[in-house]
Amino acid sequence: MTSHDDHRPEETPPVEHAHDGPGPAPAQPPVEGATPVTEGAEDGWEGLSPLSVWASAVIVSVFLVPAAVVGTVVLLVVGLPWWALVPVPATLAFVALLTYLEMLRLRAVRYRVTAERMEMRSGVIAKAYRSIPRERVRTVDVAAPLYTRIFGLCSVTVGTGESAGSGGGDQLKLEYVTADQGERLRRELLRRTAPGAGSAGVPEGSGSGSEEAPDGEETELARLNPRWFAYAPATSATFGIGLGVIAALVGINAQSGGHGWRWISERADLPSAEAMSSFVMARLLLVVPGVLLALLVSGVAVLLLIAVETWWDYRLVRESDGTVRLRRGLLTSVSLSVEGRRLNGVVLHEPFVLRTVGGASVRAVATGLAAGDAEKSEAKSRLSPAMPRKRARELGAALMKGPSSALDVPLARHPRAALRRRFTRATVCSLVALALAGGLAWLHQVATEAWWDVLRTAEEQFLPFSLATPAVEATPGWGWFAVALLFAAVAFWYAVGSYRGLGHGLHPEYLVVRKGMASRDTVTLERDAVIGWRVTRSPFQRRLGLADVAATTASGEGMYAALDVGLGQGLGWADEAVPDLLAPFLVRTEGDGGEHGAATSVLP
């Protein structure tokens, strides 16, 4: 991989000091650009909201005190009156201890925002001092769960853009401050000033509560349309949620040794397991669609509830200073702000089921959105709920602020060798499926009644009555081959769809790559944000003249690749996207002009 030093942002590492032990913390070394901290002098240091102590005490009490009362009643019923005196006092003592610890934390945590840095002191036993330059602030995330919103509180997470595995140095988190404090911190930390001008007139050492000039008008990019909730169930997880509920019930029944189902059967006077199994098997054509419908309805209901809670009151705006701000949430109110210059592109996300109904969503390609793991980072990068594809493309174009949308750039098709490579994979998978079907058909033929009795007994340890074993026993031997052929057809269909999803192109300001079948993503990335290229070729790709050409960047996932592209085609695209970055590593040959009008380029 090559690097492009001209495009690499200048990073200043955060400063963090720790002190272990009950004694006073030693004096902190001076930090460039920060006001010196002297013992006993606050100099603009602020603390968390005192209401956070009461909020924690109330929340813990709401969950623990009713459980303690129920425990007391149970102990009285079973004849243990002395033990019944323990739960409630023990719970109250535990709540008092947590409240005391919260009070200690309230006194220990201090923060301030100076003209150039944000600083934070924390720790009761192990004292810590952390400081980050304001220039490194990438995002400010303001979250207000329901139980804190009641008290007018919120948590503020300041993202610095470092990797999540940096030992906590990637962000500063304040739990909890008032809503007004959170809003002032968000505005002040994302405000940019000219060098040497101070913090927009805020003197050195002033706190975050200083007065600010009123902001200019904001531009609304998107607002929730209730009709968009219809796209929420369009996901492969719709049936999976219902299956998860059934699996949980089966697991509970198995853990109880079947006692739970027998207790229900006795109280409800249900038929025996054999009678119910025979009834279901005789009406299989009615039972299977009914079960699938029940799974579908339960999945739709759960996904709709999740979508409403997540995206209620959704609004995406661009503020006067270029900051993109997302606000959403019903029970947990979330406000995420991304500095405009850190937003280096967008992703048009189209999972297969959502794509079939004409939907899509928009995600950000920005620095500072890393959050511990891929799933959390992906959740933070979401800028919209599922919406009509046309509206998603319009939103992506508005976020990129160009005269023309990079999502409308025509994409070059990849060589037919990429399709052959996918057909090869589908062929291998189909042959494995046919071999497995042959083995199952042979076992089915040689199975005796004793074998089926053992399988029924094993199945009844998990299910109230046997269903799978009778169904498999009644299946003809050729049924396994029918399933294998169906799998082969799906594999080749998937291969064609995966090939059609490949593409790459260039916009005057962005490069564009597209890939995926089950989850198709069209990525636009600013050409100025590319800091290197990575070209990889497996032995199979070398034989077919293919390569994976990936642009490396400090934004988003860190690498975006054009998969299975022709070697000359991909290198010509990369060279044209960022001139002179890859040129020292290329040897140009006369002949084929490639996809972008340049001579074929090969690595030496």
Side-chain angles (χ1 to χ4, degrees), residues 3-18 28-35 37 44-45 110-122 128-142 155-174 182 184-200 202 204-208 319 321-325 335-345 364-372 376-377 380-381 526 528-529 531 552-558:
S3 62
H4 197 193
D5 295 335
D6 294 339
H7 295 88
R8 188 182 302 277
E10 182 179 352
E11 300 289 351
T12 304
V15 178
E16 180 170 353
H17 307 285
Q28 305 296 344
V31 181
E32 182 181 353
T35 302
V37 182
W45 289 90
R110 290 289 185 270
Y111 71 92
R112 70 175 177 181
V113 179
T114 68
E116 297 182 3
R117 310 185 75 85
M118 179 175 182
E119 302 167 277
M120 178 178 173
R121 298 185 301 190
S122 61
Y129 169 82
R130 297 172 63 190
S131 174
I132 58 174
R134 290 178 57 176
E135 180 64 24
R136 294 189 61 252
V137 174
R138 306 295 193 262
T139 61
V140 179
D141 190 356
V142 181
S155 66
V156 178
T157 304
V158 181
T160 65
E162 280 194 0
S163 61
S166 57
D170 63 317
Q171 62 184 21
L172 296 180
K173 190 169 186 178
L174 301 174
R184 286 200 302 270
L185 278 171
R186 186 194 70 83
R187 292 182 180 275
E188 186 171 354
L189 290 172
L190 291 177
R191 184 173 54 200
R192 288 293 179 259
T193 60
S199 181
V202 181
E204 181 81 14
S206 63
S208 63
E319 298 180 340
D321 60 354
T323 298
V324 175
R325 186 181 184 188
S335 174
L336 175 65
S337 299
V338 182
E339 188 186 357
R341 64 173 180 165
R342 306 296 182 185
L343 184 63
N344 300 126
V365 179
T367 55
L369 293 181
K376 291 182 180 179
S377 299
K380 287 192 68 174
S381 67
E526 285 184 339
D528 289 340
I531 59 177
T552 59
T553 176
S555 305
E557 297 178 2

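As the structure is a prediction and not an experimental result, all values here were calculated from the model.
- Annotation for Thr323 and Ser337: closest pair CG2-CB, 3.9 Å, computed over non-hydrogen atoms.
- Applying the side chain to side chain donor-acceptor pair (under 3.5 Å) criterion to Thr157, with sequence neighbours excluded, gives no partner residue.
- In this structure, Leu343 and Val365 have side chains that are not in contact, with every pair of non-hydrogen atoms separated by 4.5 Å or more.
- For the pair Lys173/Val156, no side-chain contact is recorded, criterion being any heavy-atom separation below 4.5 Å from C-beta on.
- Under the side chain to side chain donor-acceptor pair (under 3.5 Å) criterion, Thr553 pairs with no residue at all, not counting sequence neighbours.
- In terms of the side chain to side chain contact (heavy atoms under 4.5 Å, CB included) criterion, residue partners of Glu557 (sequence neighbours excluded) are, by chain and number, Tyr560.
- A salt bridge links Arg186 to Glu319: one of the charged nitrogens lies within less than 4.0 Å of a carboxylate oxygen.
- Taking a cutoff of 4.0 Å between a charged side-chain nitrogen and a carboxylate oxygen, Glu526 and Arg342 do not qualify as a salt bridge.
- Between Met118 atom CE and Arg136 atom CZ the span is 13.5 Å, to the nearest 0.5 Å.
- For the residue pair Val142 and Gly182, the shortest heavy atom distance occurs at CG2-O, 4.1 Å.
- Using a 4.5 Å heavy-atom cutoff, the side chains of Arg134 and Glu188 are in contact.
- From Met120, atom CE reaches atom OH of Tyr111 across 10.5 Å, with rounding to the nearest 0.5 Å.
- Taking CZ of Arg121 as the start and OG of Ser131 as the end, the distance is 12.0 Å to the nearest 0.5 Å.
- Taking the side chain as every heavy atom from C-beta outward, Leu172 and Arg130 approach each other to under 4.5 Å.
- Val158 has its side chain out of reach of Asp141: every pair of non-hydrogen atoms, C-beta onward, lies at least 4.5 Å apart.
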- [ ] Take Val338 and Val140 through the test side-chain contact (heavy atoms from CB on, under 4.5 Å) and record every step on the way to the result.
- [x] CA-CA 7 Å; Val338 182; Val140 179; over 6 Å; no
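- Remark: the Tyr129 side chain and the Glu119 side chain contain an N/O donor-acceptor pair separated by less than 3.5 Å.
- Taken from OG1 in Thr367 to CZ in Arg341, the straight-line distance is 9.0 Å, to the nearest 0.5 Å.
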